Structures are given as C-alpha cells and as structure tokens.
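Structure record follows, encoded as structure tokens.
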Amino acid sequence: MRLAVADEDLSACVSCGLCLPHCPTYRVTGEESASPRGRIAAMRATHATDAPAGPEFAEFMDLCVQCRGCEVACPSSVPFGRLMEGARATLARETAYQPRRRRMGYAVLGHHRLLLLASSAAAVLQRLHLVPARLGLPRLPLRRPRLRPGDTAGPGGRPIGTAGPGGRPIGTAGPGGRPIGTAGPGGRPIGTAGVGGRPPEPDAWLFTGCVMDAWMRPTHAAALRVMHATGARVALPGPGGDCCGALHVHAGLRRQAEALARRVMASMPGDAHVVVDSAGCGAALKDYGALLGTAEARRFSDRVLDVHEWLAARAGRLPAARRRLTGPVAVQDPCHLRHVQQAHQHVRTVLAPYADLVELGDDGLCCGAGGAYAGIHPAMAQEIRARKVAAIAATGAPVVASANPGCIVHLAGAGLDVRHPVDIIAWSLDGG
Amino acid sequence: MTGRPQTAARTDRPLEDFAAEIGTSDPVVVVGGRTQWGVGGEPDPTAREVHAPRGVVAHEPAEMIVRVRAGTTVAELDAVLAEGGQTIALDPAHPERATVGGVLAVGQSGPRRLGWGPVRDTLLEARFVSAEGRLIRAGGPVVKNVTGFDLCRLLVGSLGTIGLLAEIVLRVRPRPPVAVWLRGAADDPDRLRQALFRPSSILWDGIDCWVLLEGHPADVEAEIKAIGPGFDPVAEPPPLPSGGRWSMSPSAVRNVVATLEPGTFVAEVGVGIVHESTAPPSRRVQPATAALHQRIKANFDPTGRLNPGRMVT
Amino acid sequence: MAGVASGEAACNSARQTGGVTDALAAELSAAMAPDRVRSGPLELTLYRRDASLLEGQPGVVCFPSTTDEVQAAVTIARRHGRAVVPRGSGTGLAGGAVPVGVDGAEPVVIVTTKMDRVLEIDADARVAWVQPGVLNLDLSRQVAHLGLHFAPDPSSQQSCSVGGNVANNSGGPHCLAYGVTSAHVLALEVVLPDGSLALLGDLDPEPPGYDLRGAFVGSEGTMGIAVRIAVRLSPDPPAVRTVLVDFASIETAASTVTGIIAAGLVPAALEMMDARITSAVEDYVHAGFPRDAAAVLLVELDGLPAGVEAATQIVADVAAANGARGVRVAADEAERALLWKGRKSAFGAIARIAPDYYLHDTVVPRTRLVEVLSEVYEIAARHRLLVVNVFHAGDGNLHPLLVFDRREPGVMARVLAAGTDMIAACVAVGGVLSGEHGIGLEKRDHMGLIFSDDDLDAQRRLRLAFDPEQACNPHKVLPSGSGCGDLQSVPAGAWI
C-alpha cells in the first residue's frame, strides 16, 4: 500500500537505533514495533508492496504517541512526525483505521459550543458519580470564568462560547475577532484607539483552543493577566478560532485539520503575534504553513509564538514576584514545546524569577499524554507516565510546571500538583 | 619518534624450532623460571621438558607494544622497555628468573593490579604451539581487537594446558615520572582507597598500610596530602608471605582478615588478594562450569599431553 | 529504499511451514507469556536486521523477562531443531544479530530488552550486577551519584545494551585509556546453548579455572546468552580536559596523533573526524566544529589535575608543532558534552550526506595512520565512491564509511570491492579486521586474511566447547569451511 509519505523521508533512516531510548513506547516495551526505527521499517515494508496494510501495521502506527522525541535524537533528522502523519493519513483514508466513534469524537472538537455543553454535562455526571473512573477524565469544571480584558473585572471581556452570540459585546468589528479592552467600562483603555471605527491592531492574540478552553479556562485568564502585565494589548480570536486541528492531524484526519486551520487563521487576522499557551496547539499552528502549503498559511505560522517565547522577549517588563511558592518547581517539558517548537528554554527564562526551578533527569522523555493518546491507549499512557512520575519524584519538588493542557491533566491523574507556568506567574504577581 | 622498533631482535631461535621440539606426541612440560612450579600441581616429572624461545623481538614505544619471546625473563623485558621510557606491571616475585610466558601462563597479577589492571588485559597477541605441534596465532599486534574469539584471555592462567606460549605481544605504558611507596598505621585501608584517585597499590597487614602513588610529581604530592599525616616514604613494599594466596571479593577482605593475626598477612586492598602462610581451601566449581573446563581441555588437548599434572581447577 | 524490507533478500533458503512455527510459538508462549512471543509477518520483518546492511529472517521472536524464560526459550528452540539468535538493542554494525538459521529452519530470536534491571550495586567493591538489557548509558547514570561510571562508551551508548557490549566486547572513545568491555566485566551468568546455566568468572580477582569470562566476552552470541552480568564501575576522574584541535590537512592531524602517543601520553580519548563528517555533525549539534577544517581531533585528558594540565600543554605543543590551525579547550561541562554529542552522532548523521553507509572497523598500528588514511581515500576515489572518516585515532581504530545511495545501479558492487581493498590495505600494514564492532556475518569471510586455517580451527575449538551443535547464533564470526563442512555461505542476496 503506497503511503502518503516521501520516499526521501523514508530513506533518510540508517537504522542506527540512536532514537530508541528517546521513544516512550520503546522505553516501556523494548520492542522494535514500538520504536521509531521499527515503525519506519514497517512503513518501508508496507510502502514497498501493493498489498493492503494489515491490522498489524495499523496497530504499530497507532501505538506511537507522536511526541517526536525521536526527531531531535536523530542525527540525520529523519522527519518522523511527517512520516507518521502521512502513514496515518493513508490508513484513515483507505482503511477502517479511524472508526466512526473516534471520528465523531474528533469532529466535536471543532464545534466549540457543543464541546462546552458536553463538557459541562460530563461535569455534572461526574459530580453524580456517573462517569466511570477508567475513562481517566480529570475533574471537569461546572463553571468557567469569563475571560476578561486585562486584569480588571467588568463586562468588557468576551465570554467565550458560554454566553452564546449575545454575549459578544457590541462594537466588535469584522469577522476578524475583537481586540480586548477597546470597549466597556471594565476594559483596559487603550491609548492608541483606532480611527474610523476600526479596532486598533492588538499587540498579540491569545489563542484559546477547544478542550483547554473547556477544561482549563482559568489558565487562559492567567495568561492574559501575565501578558497584560507587560503592557500589551491582547485580543481573543473571533469566531472559528476554537480548535487548532492538531489532534486531527495526529489521527490522520487531514482534511478536517485543513478546514480547522483555515478557520483559525481567519479568526486572527493582521500581523500581530499569535500567542499560544498550549504547547500542542502552538506546534500545530506553527505547522499550518506545511499543512496548507500556502503563502498565507506560512505567513500565519510565522506569527505564532508559544506564550513563554513571547513573554521571554518581554521579560524585562514583567513586575517582580509578590509571593513565591515554597519549595522547588520541577519543569516538565511538553514534547511539542521541546521537540517540535524547541521553545522549552523560554519557560525557564520566564518562570525563573518566580520560582526555584529544578530539572528532570529523563532527557525530556514524553509523559504519555499525547493529546487524545491517553484516552485511546490508557494502559500504555500510564506505563509511560510511571517513568515521568519517578523522574519527578527524584527531584523532590512538590509542584510541577507544564506548559501543555494534555500533560497537566495526564500528570495530575497520577496525583501530582501540576500547574501551567503562567498560572504560577499570575499567582506570584497577584500577591497574597 | 617514528614507528621503527626501538630494539633490534635479540632472540635465540625461530618459533618453528620450538614447535618442532614440542612435536606431535608424548607428554611435554614447558619450563620457565620455575618460580611458580607448584601452582596447579607439580608437572609430571616423566614428561619431556621444553623451553620457550627467548628474546625481545621488537619494542615499539610509539605503538606502546612490545613483541617478546615467552622464555624471556621479566627483568630483561623491563630493561628493554626502560630504554624506551616504558614499562609493564607484570611484577612477579622474582623478575630475574620468572619468564614472561610463565607469568602469563600462571596468570597471577602483581601487587600493582589495583592501578595497572590484571596481567590478562596486557596480552594483545599470542603465538602458541598447539597439542598437534602447530604454531597458532591468537589476537593481533594492535591495542584494540575483536577479530575472532578471544583466545588470548583463555590462554592467560591456563598453565600451559591448552597451548604453549612461544611469542607474545604485550601492551606497555609510559613509565610514571614519579613513583613513591608510603607507609603508615591504618585500621581502615578502604578509607585510603576512597580518598585517592586510582592509586597503584594499597597493601595492608592489619597494622600498617603501604600505598604506591605514581604519576605527575604535583599530583603525587597532592595525593600524599590527601592521605593525611602519619604516612612516610619507604623504599619498598613489605615482603609478601608465601604459601597461601587467597582470592576474594574486595569487599570481603575486612571480614576474612579479621580472623587472622595482624602482621601475618598482606592484603591487596581494592583487589581482593590476601597473601598469608596457609593455603586457601579448594573451591567448588559449578557442574556446568566444570563441564565447560573439561570440554575446552578436551578440544584443545585431547590426549592430555600438554603440561600433564597441572590442573586449572 | 523501497527494497529494504521488500523480501528480496531472505537469508534462508527455505521457510518453515506455518504449522511447525505455530507449534514452536505455542510452546514458547506457554513458557513465558503469549504477548511476549511474536510471529506476525510484519513484526518479524522488523527483526530481520540490526544496524548493519544485512538481512536474515527470524522464525519467531520472543522477549523473555527472566533467566528461567531464557533457558526455556533456548531449550524449546533446540527441541524444535531451531537455532537461537540473541539480540539486544540491535545497534550492532556487523550483522551479529541478523537472524540466520540452520538447515533452512528460521531461527528463534531471543530479545533481551525486557531484562533491563540493575540488580545490585556494591559501591565499595565498585561492582554492579545488571541484566543484559540495561542500556549502557542508563547504567552510568544510575551510578553517577556514587561518583562512578561504566567505562566502555560506544558511540551508541545511549541505545546499546550491556548484554550487547559483552557480546561484541565493545569499545568506545574512552577505551584508549580504560580498556574495552572485557576489562570491565568480572562475572557472567550465562544460559549455554544447551539451556543450562553457568557462572563464568566471579567477583574475586582470581577465580579458579580457565578464564571462561574472557572467552565469552566478544563471542558475539555464539556461546550462549548472558543473563546476569557483573560489571566493574570506574571512579569518575577528578579532572577532565577536552580539547578540539583543528587542522588544514588530514596528514597533519594524523601525525599529531602519532606525536601525542610518542610523547608518552595516554589520553582518555583521541578521536579524529574528517571534513565531511565534521560538517555533517556540525549541522546537527551546532557545537562550533570548524566547517573549513580538513580534519579535527577531539582529545580528552583525565586524571589528577596537575597531570591533566601538563598533558593538555603537551597536546597543544605537539599540535602546534604539526601545524594545527587552532586549539580549543572546552570551557565547561556543557561544552564538553556538546563536543562529544557531535562525535557520537557521527554515524547517524551520515544520512545528511547520503542515505546509506557501509562501515569498516579495522585497526592499524598508530604509526601507520598517515599512509593508511591516504590509501583509504585513494581506494574510494578509484571506485568512484565517497568515503568519510571518523574514528578512534588514539588506538588506530579506523572507521572508514563508504557513503552511497543504494538506489544507484551497480553501486553495491563498487562499495563491496572498495571495502575489500580497504581491509587488504589495513591488513598489509599489520592491522586487524575489527577493533570493536565485531565480525558478525559481515566480516567473517575476511577472517582468512588475518588467520590461518590452524588459527581459525583453534577458535572453532573454543566455540565448540560452549556450543557443540553450533546452534547459537550460527554462521557468525568464523568463516564457513573452518572445520564445519555443512556451513553454508551467506547468499549474495543478503547484501542489500
């Protein structure tokens, strides 16, 4: 079965095996089929024949977390993520690899109001103890805070999704989303208000995403709080800017991912930076250029920054800590921040003034969250997590900082106190 | 300095002559300096005696190797090595009589094993005569080699029971600029070992410790400071009691010597050899391991003609 | 690359019928656990090769987790007339873990990766007992807090297993001063080819009997499977200096190597990289390797501070006397680590130059490096091939890599011919076939260049003492014909 991969990419692997210890599933199993080298060999074997790929192949591909730790470990820089996405796209297109049940799950992510409703409903069921624990869901929020412009209370903030269309404050112009703080008494006044009714260009957009917005909106509020503290004007995406499509790309559902990418781009027009506080979403947004292959998408991707990357460039403008956590904070690098965006050092730059940081001794090995992975392969995800938990325990740090919602939820599931770095900074800025 | 051998060949006879002397039949026993004659049992007195060829074939300082005939005495070898500023830690008790081949065949390391490693690791290439009287080569004249199975390691300590050494190539090292023995009272020799980085030797008789430090003068001086007061330079290490050579895990030495009278033994600290006057009890070898020994002997010397009377176990 | 796993190159002449394999798999499954015995066709494909270019064909792959299970796997395989092929991480470069069976029956591959525990650490005695699947670097990391490390450090040390190191008697840059794996293994518990268990060597310095430990280390899986390994741990040196020296020609770099050794130094490591590989590596690590250098030397000196300082000065002086363009001493541990990461990534970075490489591992006298290197480049040019050199210069251990794209018609024949010429050139100056990668399947037919029939016969006698039926990793190390008439030679198709 011809896979949607480039022959050059497949041939770039010399089978040296230097990737093996950097692969979380190989670390658990010690098996070639669960290693980057073995997966590439399986792709080659499949790619070379006309026979349809069997269940064995789909199984090998599906067990990959897509952490891409192998990519940075590879001296020849084999583009493993691209290969895996291509293999899965072929499987999704030509086989029953993604069953209807899974496809529906991914589809919901692009319908934000539906997702929020479903999440709230699940939260209620959780309180009634009607959600089986084996699903591994975190404790879902019954209510979500409104995201506000700046750090002052008031109706000026745009409540995302929950309030329906009516919740959108008047005066928001165009399809391109509304810069926060231009209207409403609570809004932070902006000195350089635009003329002619056009909203002024914001300094940055904060991308809010799907699941993270449903489950962890307080972290967005903290990100806004910290971004505002630098003196910047921050806008939230307009309609459609609510799912980056990363999970769809990982699942091989490329068409859906492309559609979502176009919506996200339209939701944040202009030239301002697109700031992302979810490492997985940030990596996806930065890859739109490759996904869509258009100049417009490449320009958009160039605007994307992880929140820590953006903050690190403005670190001098951040106020000093008013309180600090007692005890050290272990920094856990989300794979898509460390291996894909390679922006993990910025977390340390930004967080260091607010906490005593300690490093993990595991070379940034994946924690097993992997977007939807922990839900699809819970047993493997937990075995992978055990190694991470041990690495964290070895530091003795009571708090873990992690810049990705998937990692936070997955690690919290092991009973750890995991916080997003911007939550720690916002707490520190707010004083006690 | 070039790759030319530092020494011209000073050898007595070709290796082929030695092979011919050994021949293809009748028991033969190879005689070196007779300094370790009893190890593994006295050889059968009726067996025909042969002597390995002598002489240093080539010392190549720039390669840090020396090619030497097995019958050469250790003292002669070391004198040649010294001309090139190098040495090897074979360290037998009687270097003027002990032969290089004999030291390797017995396989016992000297008191510098802690810092220099065991003698078995110095053997790079061996030419030996098989039970069929054939000249066989194992290993090669380079410092790193995994070409084929490691017969060299097998030959060291085999007491000439699977082949008789004729010529060998050894790895040698630069002679250290400074070497000094220190002696002082010590009831915890392991403390010294932990305090020093790769000392060449630590000997202990239950009362005193002797420490050999070798290397750059400033480093040796610093290590002397690290040992602390109470240690003074001495000319040489203590004489080693003969009669009993006990081998044990280095961490077991403390407990074993606790049963011995201090001053009657000398322990090689960090190595696990204890020299004293009584012979150690013979050790049991697992049946599967013993079977391997027997098959090796049978495969190399089916008629048992090489060094009869000597047994490795 | 489509051909890599396409089945064009099965090593074995016959495939077993499914029924026989099923019965074998069922018995193995009963002996360990069903999910640790695999016979799916795609999964077997993944075990057809290691990091070499050769391919075989496994019949069944199993993953024992205990000594009992290894013994059971060996016993069952033998009962079914199958050979066993031990495998660690599969990073070997000579085809040692490529599965080749006997009598047309595909072998049982026994993978030790699930036996990955450090069993016991005795910091006082500086010894650790480990299972064979423990990764080399993991072991050093686990004892780092004690100020100790496991000295053998092959470039694949992050991935390769200690069991694999034992099988290959692995080396690495730091073996120049500290010796190869054999010098760091005290004892082994081994499952012999008949399924029995034997202890080779012991924790004391002079265990009775032949040095079976020494005989087993480097036997490339032909004498059994090590299931517990007692390794020596070395104290970390108090002082370390890593020096990068930059040269305008290969010759001046090589003569500097000779000069350093001749000056009476034994550096901890002394490595050379030529221009092409230096650039490829720099693309990956960004360590500041000079891209315009014809060759660089990476020299590491360790020990006590004064000796290290003096030695560093000697290295700088020798380099200057030989016309080095620059000497850079790593300022801190991070810079040192980066330089080493570059050196150790070299083989993997080859794909930046071409998708395939064929690697040799000869050792030559250090004083002959200059002439041998120039001959290596000449041979490559004669065969219209690109060669890059990255190697352990201090012990004369060359690693000429012929880099190519196997999709180019006829290139493989030129590669093999050039390889043979290079080996011949090295042997002519007194060199040997392999310094650390082993002979495996790939270099066994060159053994006759080094050893006479009598020499090889002696090696075979040792092997037969351990494995009278030659059922453990058959067809490896010794060339066919050395005393065993029914050894079949590897068909030409085995070269990919």
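Each chain gets a letter, A, B and so on, in the order its sequence line appears, and its residues count up from 1. The shown structure was predicted, so the numbers you read here are calculated from the model rather than taken from an experiment.
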**Message:** Only pairs of heavy atoms separated by less than 4.5 Å count here; which of C:Thr91, C:Asp50, C:Val111 has the most with chain A?
**Reply:** C:Thr91

**Asked** Who wins among C:Ala280, C:Ser89, C:Ser52, C:Ser156 for the most heavy-atom pairs under 4.5 Å with chain A?
**Response** C:Ser89

Any sub-3.5 Å donor-acceptor pair from [X]'s side-chain atoms to [Y]'s backbone N or O?
X: A:Ser11; Y: C:Pro355; value: no
X: C:Lys114; Y: A:Gly30; value: no
X: C:Tyr47; Y: A:Glu32; value: yes

**Item:** Residue part contacting chain A, namely of C:Ser155, when any heavy atom lies under 4.5 Å
**Value:** backbone

**Request:** Would you mind checking which part of C:Ile350 comes under 4.5 Å of any heavy atom in chain A, side chain (CB onward), backbone (N, CA, C, O), both or neither?
**Result:** backbone

Is there side-chain contact between [X] and [Y], with at least one heavy-atom pair below 4.5 Å?
X: A:Phe60; Y: C:Leu46; value: yes
X: A:Asp362; Y: C:Arg141; value: no
X: A:Tyr26; Y: C:Thr113; value: yes
X: A:Val14; Y: C:Phe347; value: no

**Message:** I need the residue from A:Leu18, A:Leu20, A:Val72 with the largest number of non-hydrogen atom pairs under 4.5 Å to chain C.
**Reply:** A:Leu18

Interchain contact, [X] with chain C, by part (heavy-atom threshold 4.5 Å):
X: A:Ser35; result: neither
X: A:Arg37; result: side chain
X: A:Val78; result: neither

Look up atom [atom1] in [X] and atom [atom2] in [Y], then write down how far apart they are to the nearest 0.5 Å.
X: C:Leu359; Y: A:Cys16; atom1: CG; atom2: SG; result: 12.0 Å
X: C:Asp283; Y: A:Ser76; atom1: CG; atom2: OG; result: 10.5 Å
X: A:Asp363; Y: C:Leu137; atom1: CG; atom2: CG; result: 7.5 Å

What heavy-atom pair brings [X] and [Y] nearest, and what distance separates the two atoms?
X: A:Gly17; Y: C:Ser159; result: O-OG, 2.6 Å
X: A:Ala12; Y: C:Ala351; result: O-CB, 3.2 Å
X: C:Ser345; Y: A:Pro75; result: O-CB, 3.3 Å

**Asked** Who pairs with A:Phe57 by ring pair (Phe, Tyr, Trp, His ring centres under 6.0 Å), at least two apart in sequence or on another chain?
**Response** none

**Message:** Strictly below 4.0 Å, N to O, side chains only: are A:Arg27 and C:Asp116 in salt-bridge contact?
**Reply:** no

**Request:** Indicate yes or no: does A:Glu8 engage C:Arg407 in a salt bridge with an N to O separation below 4.0 Å.
**Result:** yes

**Request:** Go through the structure and list residues passing salt bridge (charged side-chain N to carboxylate O under 4.0 Å, His left out) with C:Glu43, not counting sequence neighbours.
**Result:** C:Arg38

